[in-house]
Amino acid sequence: LRSLRNAGLALFVVDEAHCVSLWGHDFRPDYLFIQEARHELGDPPALAMTATAPPRVRDEIIDYISGTSRSNQGKEIEASKELNLQRPRVMALDIFRNNLHLSALHFHNEEEKLVALLQFVKQTEGSGIIYVNSRHKAESLAFSLREEGVAAEAYHAGLEQRGGVQDRFMSDKTRVVVATIAFGMGIDKSDIRFIVHFHPSRSLAAYYQ
């Protein structure tokens with residue numbers, strides 16, 4: 001921190017800012033020291049960014065970035081006008097994307113769901129990602145797809161050569177990746193046409209993330 005301050009810091013950026021919140025789906029205790037680190041760096045202007053911040057999580061992010069805390073309501077009330085002026089400006093964009101279609105299909109059992117998935121993937125052009133909740137399911141679904149003639153691979157944290165799977169997906173050698181949530185960061189592929197959640201997320205925030 002001392003080295004960074006000596007070098008000069010024009011902007012303090014916090015990515016995945018929802019991790020600061022006890023209400024968030026991915027709370028990380030180290031994020032609670034963000035404001036302390038910012039102070040050590042000379043209190044540069046701050047920018048906190050997240051894709052998942054419902055109102056309660058957003059309020060908590062604002063509290064920490066502005067140096068106030070809802071656990072100290074009395075102290076916050078006594079804060080000076082100068083501190084109040086330092087409350088962060090919130091810029092929230094609409095989550096609606098007119099190029100996305102969202103839908104949910106209901107099935108009676110896993111076997112019925114698998115049959116529908118295989119038919120959907122074979123009928124849908126372009127690349128796709130299928131999310132599952134276990135490494136074993138990633139492997140078994142990828143195998144089932146390959147048996148149906150679909151170029152598919154599994155991706156999960158237990159694989160030693162995960163980079164190779166992603167490279168083949170990006171270069172169109174693999175059309176479908178069946179993955180746990182370990183896959184997805186940094187994917188910028190123009191022909192992705194479907195994302196299937198074979199196992200639904202446990203919360204709306206986790207799904208949106």
Side-chain angles (χ1 to χ4, degrees), residues 1-95 97 129 131 133-135 138 155-167 169-170 177 179-189 192 195 201-209:
L1 286 172
R2 282 195 296 270
S3 297
L4 283 171
R5 187 165 74 171
N6 291 337
L9 203 66
L11 181 65
F12 185 86
V13 181
V14 182
D15 196 16
E16 307 292 354
H18 59 271
C19 295
V20 78
S21 175
L22 290 168
W23 303 108
H25 72 279
D26 194 17
F27 172 65
R28 300 178 193 177
D30 284 348
Y31 271 53
L32 296 179
F33 299 97
I34 284 175
Q35 186 60 22
E36 185 177 322
R38 182 184 171 204
H39 181 68
E40 284 288 320
L41 293 167
D43 292 316
L47 171 66
M49 306 183 72
T50 175
T52 50
R56 181 161 55 175
V57 174
R58 187 185 303 171
D59 287 344
E60 200 160 337
I61 294 170
I62 291 172
D63 287 342
Y64 280 109
I65 293 299
S66 62
T68 61
S69 172
R70 294 190 180 276
S71 62
N72 296 315
Q73 290 284 351
K75 292 182 180 179
E76 187 172 354
I77 291 172
E78 295 173 3
S80 67
K81 292 182 180 179
E82 181 181 354
L83 181 59
N84 287 334
L85 290 173
Q86 294 174 359
R87 293 286 285 181
R89 175 186 176 193
V90 177
M91 297 176 65
L93 304 180
D94 195 337
I95 64 172
R97 298 270 297 279
I129 303 171
Y131 284 111
N133 63 5
S134 71
R135 299 177 183 182
Y155 185 104
H156 54 73
L159 293 176
E160 291 185 4
Q161 301 296 328
R162 293 194 301 274
V165 176
Q166 183 166 327
D167 289 343
F169 180 64
M170 297 300 291
V177 171
T180 60
I181 57 173
F183 184 76
M185 295 296 289
I187 299 297
D188 184 7
K189 197 170 191 295
I192 291 180
I195 296 175
S201 302
R202 294 184 179 182
S203 70
L204 188 60
Y207 168 74
Y208 186 61
Q209 179 73 4

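Because the structure is a prediction, the values reported are computed rather than measured. Sequential numbering from 1 along the given sequence is applied to the chain's residues.
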Crowded around Met170 CE? As in, over 12 foreign heavy atoms under 6.0 Å?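 Above 12, so yes.
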Taking the side chain as everything from C-beta on, heavy atoms only, tell me whether [X] gets closer than 4.5 Å to [Y].
| X | Y | value |
| --- | --- | --- |
| Phe27 | Leu32 | yes |
| Val177 | Gln166 | no |
| Phe169 | Ile192 | yes |

Identify the two heavy atoms, one from [X] and one from [Y], that lie closest to each other, and give their separation to 0.1 Å.
| X | Y | value |
| --- | --- | --- |
| Ala92 | Arg58 | CB-NH2, 3.9 Å |
| Arg135 | Thr180 | N-CG2, 4.0 Å |
| Arg5 | Gly42 | CD-N, 3.8 Å |

Identify, with sequence neighbours excluded, every residue that meets side-chain hydrogen bond (donor to acceptor under 3.5 Å, both in side chains) alongside Arg28.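 Arg28 satisfies side-chain hydrogen bond (donor to acceptor under 3.5 Å, both in side chains) with Asp26 once adjacent residues are dropped.
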State which residues pass side-chain hydrogen bond (donor to acceptor under 3.5 Å, both in side chains) with Asp167; sequence neighbours excluded, sorted by chain then number.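 Residues passing side-chain hydrogen bond (donor to acceptor under 3.5 Å, both in side chains) with Asp167: none at all.
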Test side chain to side chain contact (heavy atoms under 4.5 Å, CB included) applied to [X] - qualifying residues, sequence neighbours left out:
| X | answer |
| --- | --- |
| Ala48 | Val14, Ala17, Ile61, Ile65 |
| Leu159 | Glu139, His156, Arg162, Val165 |
| Arg2 | none |
| Pro45 | Leu11 |

Scan for side-chain hydrogen bond (donor to acceptor under 3.5 Å, both in side chains) pairs involving residues 40-49, sequence neighbours excluded, and state none if there are none.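 As it turns out, the side-chain hydrogen bond (donor to acceptor under 3.5 Å, both in side chains) pairs with a partner in residues 40-49, which skip direct neighbours, are His39-Asp43.
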